[in-house]
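Just below is one structure, and these are the notes that go with it.
Chain A is the first sequence line, chain B the second, and so forth, proteins listed ahead of strands; every chain is numbered from 1.
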There are 2 protein chains.
Amino acid sequence: MAPQNVGILAMEIYFPPTCIQQDILENFDGVSKGKYTIGLGQYCMAFCSEVEDVISMGLTAVTSLLEKYEIDPKQIGRMEVGSETVIDKSKSIKTFLMKIFEDCGNTDIEGVDSTNACYGGTAALFNCVNWVESSSWDGRYGLVVTTDSANLLRPGLCRGTSSTNRWSRGCCYAHGPDAPIAFESKFRASHMAHAYDFYKPDLASEYPVVDGKLSQTCYLMALDSCYKGYCQKYEKLQGNQFSMADADYFVFHSPYNKLVQKSFARLVFDDVARNASSVDESAKEKLGPFTSLNGDESYQSRDLEKASQQVAKPEYDKKVQPGTLIPKQLGNMYTASLYAAFASLIHNKSGSLDGKRVMMFSYGSGLTATMFSLRLTEGKAPFSLPNIAKILNIEHKLKTRTELEPGKFVDLMHVMEHRYGGKDYVTSKDTSHLASGTYYLTHVDSKFRRYYAKKVTESEVSNGH
Amino acid sequence: MAPQNVGILAMEIYFPPTCIQQDILENFDGVSKGKYTIGLGQYCMAFCSEVEDVISMGLTAVTSLLEKYEIDPKQIGRMEVGSETVIDKSKSIKTFLMKIFEDCGNTDIEGVDSTNACYGGTAALFNCVNWVESSSWDGRYGLVVTTDSANLLRPGLCRGTSSTNRWSRGCCYAHGPDAPIAFESKFRASHMAHAYDFYKPDLASEYPVVDGKLSQTCYLMALDSCYKGYCQKYEKLQGNQFSMADADYFVFHSPYNKLVQKSFARLVFDDVARNASSVDESAKEKLGPFTSLNGDESYQSRDLEKASQQVAKPEYDKKVQPGTLIPKQLGNMYTASLYAAFASLIHNKSGSLDGKRVMMFSYGSGLTATMFSLRLTEGKAPFSLPNIAKILNIEHKLKTRTELEPGKFVDLMHVMEHRYGGKDYVTSKDTSHLASGTYYLTHVDSKFRRYYAKKVTESEVSNGH
């Protein structure tokens, strides 16, 4: 029999323990008060120090997941990586992570890296789920790793810009049948097109070329298109209308929280525009006048943006807010963003998610986007929602972070900018901020080969761990 | 009911119409006579002129496939690209190809780029096949594009090196159920590990870091491991021994033909070492003495290499040779290499492949490798093997190429090296060598945005094409 309820069985998240408060950064950058905190809706930003990168974070997350859920590394049959951070133009990040499986001799692990901006993680996820449902599945678990440490723009380094910088982090999840987080694969809808909203054509540079205004329009346009497609597929298969009332939670790719607020409001407007039966009179009255705008006008209208966010507010607090914790506390996580947002929901609501439907919207510039939905059930330990929440341990991970002074942060960024794409250097090997079990970069040799070590505290060594 | 015999329904191959003979290049480079032709086993090398790149070749191949098999672009539900040529570190090649689907309004096409050296095409292929077998399949076709134009090393530009340069090309295929080229997905075996045999860590440079000797050992080691895994899976599921006698053809990833010869010989040796019942006495006698070598010794032994190639020769001519035409005539095609070799087999044997099993070995440095097998049936038009061979039209494509003088070739390489990763330039727009229907690069603007046009001959325009 074909495997049923294929989806996510286990999750782990790792993010660097170093961060900086956004209001302190506003002050330091000399921008107007509230620009980052209110304008972008962000509270704090995490970043890698010079001893961490996408590979070390991937090593840390995968090792931790296998240990905490007691999964035998031989039981992994596929591992996919989603990332937009290019450390090598040919060798995949996945091959670096194969180091983890060397000791047990498991080399029969399919999958490589999936790439398109922030969407790579979603592509990797779909590939993994499809594998479990395919005839090539051999009964073992699939593993998806999303890891990024891309840098947008650095105030102080890139003068004249107004964006904040964002360092990102690794997230991973194991896949198989009978999952507490199951995919409703029949309904998903994608929107893919050729666009130059955010891209990285300058190969020697760490920085992207960004058209911020275009990127936001592309995001909202793709959201509209995916939602329309999702509703059509649902209605064709289920025979009844789909509207936002049919979903309990909405999780979005979150470059910054303000865009998540706008996105949810946009969907509320979409339901008004398509005259969904669940829309109440008050919403119709407030947003109805805007339905005469053409597409482009509606993306540019500040009045519509304001009115729809106001109408959406109560539902936003209920259905979106629980999934915004980590993105607001860490910043843009690129491929990991959507899944860190989803982890926030599990963290906040793990006891009350049985039977709930979660809508997910993934976006990657260039552009690729998909809306899909998950159906949650309590599950059985170790693959149960409460246990996943316990292992994610998000509150503790957020609380034990170290806040850096802006000066120190900028110094660090300078070091890393200097080293970008470089070779022949030794890192500080300063692991004082890292928790035991964290991997870190020790050096890069004259042939660009990278070397990592794992921090192990003395007490663990003496305990035989 | 689940879709049966999922596999490749249609294939098209495009390669640049400009090439240079390897013996002329030997002379021009001042290397010993036979270095490229006998030492590497290569006859000719194709390369892109300055108006072609991985995107233009992808546009050409996909458009041609849709037209020639009369597939409605709306009937494509997934498109995956395998490539190791990085034109943008964030935006996928797949998004460029979405231009083809703009006119018909089909934006609901899943898939992004899969990346790990020459293996990306195989990963994309598996993803596409798994999708057709998964619950998320919506009945439409999947499309896989493998496209590369990577440059290894240029004699004359990189003095002191001995390798030839290799420019590569695009290949694409459509997927669905009831295919004449079906996957035997249960048997496939992979070998994935962390290695630094060939990689591209210098982001600003077009050139890889290569350890040629290590890369060959990694290739052969991965081949051994995959063959062992394949045999084990086959034997577990089928209950009887698998050996090379159970397969009709062998197709290999072909960086150069000599490695293909070595690889097939290695498998012959593997069958002797595992005492397969199909091995004849003469082979046992000649290769038996080498089975006492340990792994590393056996990879380095020139005597074993020679003896096994000698023993393998008659079977090589029968089972491998038919799949070597294009790789020998074009050079290393990276992600397209294995599939261009497979296309050669279809071209050479299309009338007699019904019921045959083809073993495929895919390798990407870094490293990732898989051995899998295909079961062929005649099929029904337009998705039949004879029709695929007709559309591939390989003989004509090879015959109508233009041979360039070495001096012109080197000049061209200089122009392209200079432009690597660059912006703000206009190409010559010289399409004199290109066939009608070929896409070409016209210019790259100051924001690195790339523009393409399609060559259409006047007679076609007046005919309304």
Interchain contact, [X] with chain B, by part (heavy-atom threshold 4.5 Å):
X: Phe126(A); answer: side chain
X: Thr122(A); answer: neither
X: Lys423(A); answer: neither
X: Thr370(A); answer: neither
X: Ala195(A); answer: backbone
X: Glu184(A); answer: neither
X: Ala193(A); answer: backbone
X: Phe187(A); answer: neither

Just jot down the side-chain contact (heavy atoms from CB on, under 4.5 Å) partners of Val86(B), sequence neighbours excluded, or say none.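 For Val86(B) the side-chain contact (heavy atoms from CB on, under 4.5 Å) partners, ignoring immediate neighbours, are Lys89(A), Leu203(A), Lys89(B).
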Among residues at least two apart in sequence or on other chains, which ones pass side-chain contact (heavy atoms from CB on, under 4.5 Å) with Pro201(A)?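 If we apply the side-chain contact (heavy atoms from CB on, under 4.5 Å) test to Pro201(A), skipping adjacent residues, the hits are Tyr199(A), Val209(A), Asp88(B), Phe448(B).
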Over 60° means perpendicular and under 30° means parallel, so classify the ring planes of His194(B) and Tyr196(B), tilted if in between.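 Answer is perpendicular, since the angle exceeds 60°.
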What heavy-atom pair brings Ser90(B) and Phe198(A) nearest, and what distance separates the two atoms?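 Heavy atoms only, the tightest pair is OG-CE2, 3.7 Å.
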What option among [options] has the most heavy-atom pairs under 4.5 Å with chain A?
options: His191(B), Glu80(B), Met192(B), Glu133(B); result: Met192(B)
options: Lys186(B), Lys91(B), Lys99(B), Met98(B); result: Lys91(B)
options: Ser185(B), Ala369(B), Ser190(B); result: Ser190(B)
options: Ala117(B), Ser135(B), Ser92(B), Ala189(B); result: Ser135(B)
options: Asp197(B), Val444(B), Ile93(B), Asn127(B); result: Asn127(B)

Ser205(B) versus chain A, the contacting section by heavy-atom distance below 4.5 Å: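 Looking at Ser205(B), just its backbone touches chain A.
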On the ring face of Tyr119(A), is Lys94(B) found with NZ or CZ under 6.0 Å from the centre and within 45° of the axis?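 The answer is no, since Lys94(B) fails at least one limit relative to Tyr119(A).
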What residue in Met79(A), Arg449(A), Glu102(A) has the most heavy-atom pairs under 4.5 Å with chain B?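 If we count pairs closer than 4.5 Å to chain B, Arg449(A) comes out on top.
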Apply the test side-chain contact (heavy atoms from CB on, under 4.5 Å) to residues Ile109(A) and Phe101(A): give CA-CA distance (whole Å), side-chain angles for both, the deciding distance (0.1 Å), then the verdict. CA-CA 9 Å; Ile109(A) 301 181; Phe101(A) 301 90; 3.6 Å; yes
Does Asp108(A) come within less than 4.0 Å of Lys233(B), counting only side-chain N to carboxylate O?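 Here Asp108(A) pairs with Lys233(B) in a salt bridge, since their nearest N and O are under 4.0 Å apart.
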Check this for me, if you would: do Asp211(B) and Lys447(A) make a salt bridge, where the nitrogen-to-carboxylate-oxygen distance has to be below 4.0 angstrom?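 Lys447(A) and Asp211(B): not salt-bridged.
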Assert yes or no for the condition that the ring centre distance of Tyr219(B) to Phe361(B) is strictly below 6.0 Å.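 Yes, the ring of Tyr219(B) comes within the 6.0 Å limit of the ring of Phe361(B), centre to centre.
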Look at the side chain of Asp148(A) and the backbone N and O of Glu84(A), then say whether any donor-acceptor pair between them is shorter than 3.5 Å.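 Pair found, side chain donor or acceptor close to backbone of Glu84(A).
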